[in-house]
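Below, chains carry the letters A, B, ... as their sequence lines are ordered, and counting in each starts from 1.
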Amino acid sequence: MAKRIDVKDLDIYYGDFLAVKGVNMVIEPRAVTALIGPSGCGKSTFLRTLNRMHEVIPGARVSGEVRVDDQDLYAPGVDPVGVRRRVGMVFQRPNPFPTMSIYDNVVAGVKLNSTRMKKSEMDDLVEGSLKGANLWKEVKDRLDKPGSGLSGGQQQRLCIARTIAVKPDVVLMDEPCSALDPISTLAIEDLINELKSDYTIVIVTHNMQQAARVSDMTGFFNLKATGEPGHLVEYDDTQKIFSNPGQKATEDYISGRFG
Amino acid sequence: MSTTSADRPTTRETPRYGDRVFAGLATGAGVLILVVLAGVAGFLLWQALPALTAAPEDVRGGEGLFSYIYPLAFGTILTALIALVIATPLSVGIALFITHYAPRRIALALGYVVDLLAAVPSIIYGLWGVYVVAPASVPVATWLSQWLGFLPFFGPDPSASGRTTLVVGVVLAIMILPVMTAVNREVFLQTPTLHEEASLALGATRWEMIRMAVIPFGRSGVISGAMLGLGRALGETMAVAIILSVAAGVHLDIIGTANSGTIAADIALQFPESSGLDVNTLVASGLVLFFITLLVNMAARWIIARRAEFSGAN
Ligand SMILES: Nc1ncnc2c1ncn2[C@@H]1O[C@H](COP(=O)(O)OP(=O)(O)OP(=O)(O)O)[C@@H](O)[C@H]1O
Ligand SMILES: [Mg+2]
């Protein structure tokens, strides 16, 4: 299932504004890749190009290539809807559908794929996905209650369950723990560790310790100056980035001597 | 800062004083509304009382108050329901198109056009109904009678003039379209981006996203909009009075020559030539209309409250 992502010369625009410039990186399958960098350097923007979510914003576009197992996501004729079914996304703020029960939230994406499913299969999928997201024990007795009635951390795990229920190749996470308390954060980090045996995971985080704890590879994005486009400064093993970075800017950022 | 001691009392006093004035005004306005409402209800009851206590044969129609009002109430609800059945999907569709499909320029233009519909006086709608919609409805009615004649709503001989309950329903639908579309547009615009993106990120198409995120979020708003429209349709007077060719009694057939009247139109048509007990009878029918509208609003609130747990509000 897990797939390699190959990004080549990617420029990302909002209208005429070049937000991110010249990204080249290979994201390994069955590994966690962390993206770090100062605010506004384009981490979210870059992440959203990996499943064509940035196209939702009017005027947003890219040039360059993003290959998932050698298929260019931006080749003509590729349907963004299909791309998003293979590359799932977890957002910064937990966003379960408020009008749906916990159960329906988990199967929301599966129902879109319009293949009719038996009730028993559906039940198994819900149980499997919630177990995969470490949420099953907490919600198994109230699957018919609204998802918005859960705590923030539970909601975020519900969103992860919803994302993995469609069995994507890649899971993207944009600061998934920034709205959570330390205990929920640890729960999500454990979960990320378990998920990486099955998925390619890319996570944006502002938390250096988190990047160091969960990721195998780390990419550091930076801005040369305000108004300049963001770019990928350095991309390497997390170990190397945090112990012996190749660039001065990376070292400054990681050690907090930034700006 | 030697001035602070002098400044402080005034800077503190002003907002408090303003607060108190505002609180007083707001309370006063609230009480005034209640007083007016109670006054209207009291007036209706008082004026209707003679008709409520009169002997059946003295009431217009000769069969008692209930027999007089019940067909009118039926006609009122039937025309309003037809309007609602037509206008609800239409307004939802237009609002979705404006908010989620149309390019901005077209969306703006369409929004203006729909809002303009609200500025057309109801007498104009009535004339339009008589001269345009009614003739145009005749072939449709013939078709309905031929192919859907097994339904009680479509009788065997459709009206040749087209001045039917169906046409009134259609005209009312156009009349309530602006307010319903405006409400729906507002609620659909308020769908949190968060939820729209959640469904898109799961691989939803635009329509699937609308079904997953926009419509469920806006449901209670759509219901409120429909109730606003229903209220307007129930009370509409001129357009109905001009268009409908009325016959006494209850008529389920919405395309025939005999149609049940509506309360508001009946009051408008009868009032100028009424006196004595007849006026009291009309007021009594007005009282019934008042209660129907009240019930509709309460039902709407109940529907919305029942779904509150799953609403987008939290
Ligand atoms: N919808 C948008 N329209 C126009 N410009 C945008 C939009 N979203 C982001 N940008 C711009 O793109 C650049 C990168 O923003 P982005 O949100 O990707 O930064 P980020 O690295 O995720 O920051 P943060 O750490 O604060 O989340 C910024 O200059 C921002 O102003
Ligand atoms: Mg961001």
Side-chain angles (χ1 to χ4, degrees), chain A residues 44 47-48 50-59 79-102 104-114 144-150 155 158-159 162-168 171-174 179, chain B residues 92 95-108 111 184 186-226 303-314:
Chain A
S44 302
L47 192 73
R48 288 165 66 98
L50 300 183
N51 70 344
R52 296 187 68 165
M53 268 307 283
H54 80 301
E55 293 178 359
V56 170
I57 295 159
D79 181 7
V81 169
V83 169
R84 292 177 203 139
R85 287 185 187 178
R86 289 164 44 207
V87 184
M89 186 160 208
V90 176
F91 295 81
Q92 181 169 358
R93 276 180 59 199
N95 56 356
F97 297 111
T99 51
M100 291 185 193
S101 66
I102 293 172
D104 289 336
N105 259 289
V106 177
V107 295
V110 184
K111 279 186 174 162
L112 291 175
N113 293 308
S114 70
D144 55 339
K145 290 284 183 321
S148 49
L150 299 174
Q155 286 187 21
L158 178 58
C159 293
R162 174 176 75 185
T163 306
I164 60 180
V166 294
K167 309 217 166 10
V171 176
L172 310 175
M173 300 183 177
D174 192 350
Chain B
V92 168
L96 282 177
F97 180 75
I98 290 176
T99 55
H100 285 85
Y101 283 94
R104 183 171 286 144
R105 296 241 298 297
I106 297 179
L108 267 178
N184 293 347
E186 267 334 288
V187 295
F188 292 156
L189 274 179
Q190 278 166 11
T191 316
T193 324
L194 219 57
H195 299 142
E196 294 190 358
E197 292 197 336
S199 59
L200 289 174
L202 285 173
T205 61
R206 201 186 316 210
W207 169 237
E208 287 166 337
M209 180 270 280
I210 286 172
R211 264 190 5 215
M212 274 169 100
V214 180
I215 292 181
F217 180 84
R219 184 176 290 134
S220 57
V222 170
I223 294 175
S224 329
I303 293 170
I304 294 167
R306 211 172 43 126
R307 295 282 312 176
E309 197 187 10
F310 280 85
S311 85
N314 37 20

Inset, instruction - Under 4.5 Å heavy-atom distance to chain B, tell me which part of A:Arg52 shows up: side chain, backbone, both or neither. - result: neither
Inset, instruction - Name the region of B:Glu196, side chain, backbone, both or neither, that has any atom closer than 4.5 Å to a heavy atom of chain A. - result: neither
Legend entry - Side chain, backbone, both or neither of A:Val81 within contact of chain B (heavy atoms, under 4.5 Å): both
Legend entry - Proximal component of A:Pro96, with respect to chain B [non-hydrogen, under 4.5 Å]: backbone
Legend entry - Distance, nearest 0.5 Å, that separates OG1 of A:Thr99 from CZ of B:Arg219: 7.0 Å
Inset, instruction - With sequence neighbours left out, write down each residue that passes side chain to side chain contact (heavy atoms under 4.5 Å, CB included) with B:Ala226, or none if nothing qualifies. - result: B:Leu84, B:Thr88, B:Met180
Legend entry - A:Leu112 side chain near B:Met212 side chain, heavy-atom distance below 4.5 Å: yes
Inset, instruction - Select, from A:Met89, A:Arg93, A:Arg86, the one with the greatest count of heavy-atom pairs under 4.5 Å involving chain B. - result: A:Arg93
Legend entry - Euclidean distance, B:Met209 CE relative to B:Ile215 CD1, rounded to 0.5 Å: 10.5 Å
Legend entry - Under 4.5 Å from a heavy atom of chain B, the part of A:Val87 involved: backbone
Inset, instruction - Counting only heavy atoms closer than 4.5 Å, note whether B:Ser199 contacts chain A via side chain, backbone, both or neither. - result: both
Legend entry - N-O pairing of B:Glu208 and A:Arg84 below 4.0 Å: no
Legend entry - Pairing of A:Lys111 and A:Asp104 as salt bridge, 4.0 angstrom limit: yes
